[in-house]
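As the structure is a computational prediction, the values presented were derived from the model and not from experiment. The first residue in the sequence is number 1, and the count goes up from there.
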Amino acid sequence: MQEPENITNAPEHVPGRLIVTFKSIMNPKSRNELLKSIGAEIQWTTDDPAVFVIRVRPGTEENVLNVLRGAPGVQSAQHIIIATPLGEPAADSRDDA
């Protein structure tokens with residue numbers, strides 16, 4: 001079965017932006033020191049006080065993710081995935097009702 005042309009195997013992500021969830025043991029001062037040490041800064045806050053979107057220099061995302069994932073005060077760190085269209089459904093799967 002051939003894949004449609006508009007579907008890629010690797011998801012695209014927002015360059016220079018990551019989403020990070022900090023553990024409750026990470027106080028704001030320690031969080032900010034960690035981010036500064038890796039050249040990152042908070043871009044946006046979220047409704048969850050432990051979750052932040054951070055800005056990093058494009059091209060450094062993987063290195064920053066590795067550092068964050070190894071930090072004891074970080075619960076998770078990941079790319080922000082860009083949603084892409086999946087294309088039109090197959091003709092036999094459309095609802096003709």
Side-chain angles (χ1 to χ4, degrees):
M1 177 182 234
Q2 184 178 0
E3 286 187 10
E5 291 180 28
N6 61 343
I7 296 179
T8 61
N9 290 331
E12 293 185 47
H13 62 272
V14 179
R17 303 294 184 274
L18 303 171
I19 189 162
V20 183
T21 304
F22 292 96
K23 295 178 182 176
S24 60
I25 61 168
M26 181 67 94
N27 64 53
K29 182 180 179 193
S30 297
R31 179 194 65 221
N32 292 338
E33 288 173 357
L34 171 63
L35 293 175
K36 185 177 179 180
S37 75
I38 57 175
E41 63 183 6
I42 295 173
Q43 170 91 40
W44 298 301
T45 57
T46 68
D47 291 338
D48 184 331
V51 179
F52 296 87
V53 173
I54 64 168
R55 178 181 16 217
V56 300
R57 201 169 69 250
T60 66
E61 296 93 346
E62 292 303 321
N63 290 336
V64 170
L65 284 171
N66 288 334
V67 171
L68 289 171
R69 289 173 178 161
V74 175
Q75 180 175 327
S76 68
Q78 58 194 346
H79 289 283
I80 299 174
I81 304 299
I82 298 172
T84 56
L86 295 177
E88 293 293 320
D92 59 349
S93 68
R94 291 185 183 151
D95 185 6
D96 294 324

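- Counting only heavy atoms from C-beta outward, the side chains of Phe52 and Gln43 never approach each other to under 4.5 Å.
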Walk me through it: do Asn27 and Ser30 pass the test side chain to side chain donor-acceptor pair (under 3.5 Å)?
-> CA-CA 5 Å; Asn27 64 53; Ser30 297; 3.1 Å; yes
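- Glu12 and His79 are not linked by any side-chain donor-acceptor pair at a separation below 3.5 angstrom, with hydrogens and angles left out of the test.
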Assess whether side-chain contact (heavy atoms from CB on, under 4.5 Å) is satisfied between Leu34 and Leu68, documenting all intermediate values.
-> CA-CA 8 Å; Leu34 171 63; Leu68 289 171; 3.9 Å; yes
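- The CD1 atom of Ile82 sits 8.0 Å away from atom NE2 of His13, with the distance rounded to the nearest 0.5 Å.
- Val74 and Val51 end up in different hydrophobic clusters when Ile, Leu, Val, Met, Phe, Trp and Tyr side chains are linked at under 4.5 Å.
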Step by step, would you call Val56 with Glu61 a side-chain contact (heavy atoms from CB on, under 4.5 Å)?
-> CA-CA 7 Å; Val56 300; Glu61 296 93 346; 3.9 Å; yes
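- No side-chain heavy atom of Val53 sits under 4.5 Å from any side-chain heavy atom of Leu18.
- In this structure, Trp44 and Ile19 have side chains that are not in contact, with every pair of non-hydrogen atoms separated by 4.5 Å or more.
- One hydrophobic cluster, built from ILVMFWY side chains closer than 4.5 Å, cannot hold both Ile81 and Leu65; they sit in different ones.
- Considering every non-hydrogen atom in both Arg69 and Gln78, the closest pair reads NH2-CA, 3.8 Å.
- Through side-chain heavy atoms spaced under 4.5 Å, either directly or across other Ile, Leu, Val, Met, Phe, Trp or Tyr residues, Ile25 is tied to no other residue.
- Ile38 is not listed as a side-chain neighbour of Asn63, based on a closest heavy-atom distance of 4.5 Å or more.
- Using a 4.5 Å heavy-atom cutoff, the side chains of Arg17 and Arg55 are in contact.
- Heavy atoms of other residues, nucleotides or ligands lying less than 6.0 angstrom from CZ of Arg57 number 12 at most.
- Cluster annotation: Val64 and Ile42 are assigned to the same hydrophobic cluster (Ile/Leu/Val/Met/Phe/Trp/Tyr, side-chain heavy-atom contacts under 4.5 Å, transitive).
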